[in-house]
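Predicted model, so just to flag it, every value in this text is computed and none were measured. Just so you know, these numbers use all the heavy atoms, side chains as well, and skip hydrogens, waters and symmetry mates. First the proteins, then the strands, lettered A, B, ... as listed; each starts at 1.
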Amino acid sequence: MAEGEKEKKSSSSNNEESVKLFVGQVPKHMTEDELLAMFKEFALVDEVNIIKDKITRASRGCCFLLCPSRQEADKAVNACHNKKTLPGASSPLQVKYADGELERLEHKLFVGMLPKNVSEAELSDLFSKYGIIKDLQILRGSQQTSKGCAFLKYETKEQAHAALEDINGKHKMEGSSVPLVVKWADTEKERQARRAQKAQSQAMPNTDSQHPSLFGALPMGYAPPYNGYGYQAPGAYELVPYRLRGGIRPDLSLNISPRNYAPASYMGSAYPTMPGLQYPIVYPGAIMSHRPLSSSPGALSPTVPSCNSATSSAASGSSGGQVEGPPGANLFIYHIPQEFGDQELANTFQAFGQVLSAKVFVDKATGVSKCFGFVSYDSPAAAQNAITMMNGCQLGGKKLKVQLKKDNKQSKPY
DNA sequence: TCATATT
């Protein structure tokens, strides 16, 4: 019944004119009213919506602003982005257009299947029938050669829509046997997802996609364009997102837990079948803190998943917000091997105590690891133990650097 | 090289 109140009260929020901004670095304790009051000093703001955890309903440290116009939104961005640090935040406010807003506002179209010799002027002739063109560019390569596609912005959405409907799949340029493709340009988010996917497939060329759990580790699957036509380079996006390749290889991503690795004698024979692995993975401290590995090959038995609570809680920790441990129990780790994800990091460090969370940072655009991350334990003793055992430990090409995480907001000045 | 989060 309380749910019933979730009616859309503000018709203003559906206004085409209104602009949504995303705001980061918002202290979790701030209320929507407080934020509204603050932002109103700089621009007209109709609404503030704090982004909350789906389950706990706790603030996730960011919010959306609804501004009545682009002009007002720009005022808020210019006045606040990177300019103010709210009490309790560690870095300045991040204020930017919410995902997809810019694209929505710009009425940007993608045009594909252009003959390479078509000029801007010719394109302009064709598209100006539908409205005022604000921007038009043919994508070109190094020698100024056309890539056979273009981006185009109209003054209004209606104009863009009219052009899309009229030309997409219907209009053939002179001398071309295939019709043009016209679609709404991808949003920044879609582009990032695509880039990440590409980077992933290059970074892990031997991905064994038969392992179902691997899917969860990869970026969202590629969603085909709504119009079903190709985009830029047809074939660049197969409908099967990950190429299936032959070749057997132990699952790199999940079973790298110390106890799954046998003594070096085994490693030798393992390498040739693991082209993705360029170097030995050794867990110096890890091995000793578990019961001694049996020297029999049985140690390799896949009777794994002592799916211990450490691992599973780490997984849940990394899937939601970051769980932080008590003071002194959180580690910063640098020089993590490139191919390590959250899970591998957790596995590597679980030998020293109860891992609350483990996070490897990745480049937002490419999905590539930045080779640093965090591990949180439930006790400072575990963290110290991990530092002693793992700091300076050669893992991959480099030596791990394991330190206590620097903690900005710990002081309680009374 | 120290938590960037999109209802």
Colleague: Between the side-chain atoms of A:K20 and the base atoms of B:dT7, is any donor-acceptor pair under 3.5 Å?
Modeller: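 By the distance-only test, yes, there is a pair.
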Colleague: Can you measure A:D99 atom CG to B:dT7 atom P for me and round it to whole angstrom units?
Modeller: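 Rounding to the nearest Å, CG of A:D99 and P of B:dT7 are 8 Å apart.
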Colleague: Let me know the distance between CG of A:D363 and P of B:dT4, rounded to the nearest Å.
Modeller: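 Answer to the nearest Å: 14 Å.
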Colleague: Which class fits the ring pair A:F372 and A:F374: parallel under 30°, tilted 30 to 60°, perpendicular over 60°?
Modeller: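 Because their plane-to-plane angle is over 60°, the rings of A:F372 and A:F374 count as perpendicular.
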Colleague: Rounded to the nearest angstrom, tell me the gap between atom CD in A:E101 and atom P in B:dT7.
Modeller: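 Those two atoms, CD and P, are 12 Å apart.
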Colleague: Please check if the side chain of A:Y154 supplies one atom and the backbone of A:F127 the other of a donor-acceptor pair under 3.5 Å.
Modeller: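 The answer is yes, because a donor-acceptor pair under 3.5 Å joins these two groups.
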Colleague: Can you tell me the distance, in whole Å, between the NZ atom of A:K52 and the C1' atom of B:dT6?
Modeller: 14 Å
Colleague: Among the candidates B:dA3, B:dA5, B:dT7, find the nucleotide nearest to the side-chain atoms of A:Q94.
Modeller: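 Of the options given, the side chain of A:Q94 lies nearest B:dA5.
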Colleague: Given B:dA3, B:dT7, B:dA5, which nucleotide is nearest the side-chain atoms of A:F361?
Modeller: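 The closest nucleotide is B:dA3.
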Colleague: Using centres under 5.5 Å plus planes under 30 degrees as the test, is A:F374 stacked with B:dA3?
Modeller: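 According to the criterion (under 5.5 Å, under 30°), yes, A:F374 stacks.
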Colleague: Please report the distance, rounded to the nearest Å, between CG in A:L400 and C1' in B:dT1.
Modeller: 14 Å
Colleague: Would you indicate which nucleotide in B:dA3, B:dA5, B:dC2 comes nearest to any side-chain atom of A:C62?
Modeller: B:dA5
Colleague: So, does A:Q403 get its side chain near the phosphate of B:dT1, meaning an N or O under 4.0 Å from OP1 or OP2?
Modeller: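 No, A:Q403 has no side-chain N/O under 4.0 Å of OP1/OP2 on B:dT1.
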Colleague: Find the distance A:F22:CZ to B:dT7:P and express it as a whole number of Å.
Modeller: 9 Å
Colleague: From CG of A:N49 over to P of B:dT7, roughly how many Å is that when rounded to an integer?
Modeller: 11 Å
Colleague: Indicate the atoms forming the closest heavy-atom contact of A:V19 with A:A73, along with that distance.
Modeller: CG1-CB, 3.7 Å
Colleague: Base, sugar-phosphate alone, or nothing: which one does A:S376 contact when heavy atoms must sit under 4.0 Å apart?
Modeller: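 The residue A:S376 makes base contact.
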Colleague: Would you say the side chains of A:E103 and A:T187 form a donor-acceptor pair under 3.5 Å?
Modeller: no
Colleague: Give the rounded distance in Å between these two atoms: CD1 of A:I333 and P of B:dA3.
Modeller: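 After rounding, the gap between these two atoms is 14 Å.
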Colleague: A:W184 and side-chain contact (heavy atoms from CB on, under 4.5 Å): which single residue from A:H161, A:K108, A:R104 fits?
Modeller: A:H161
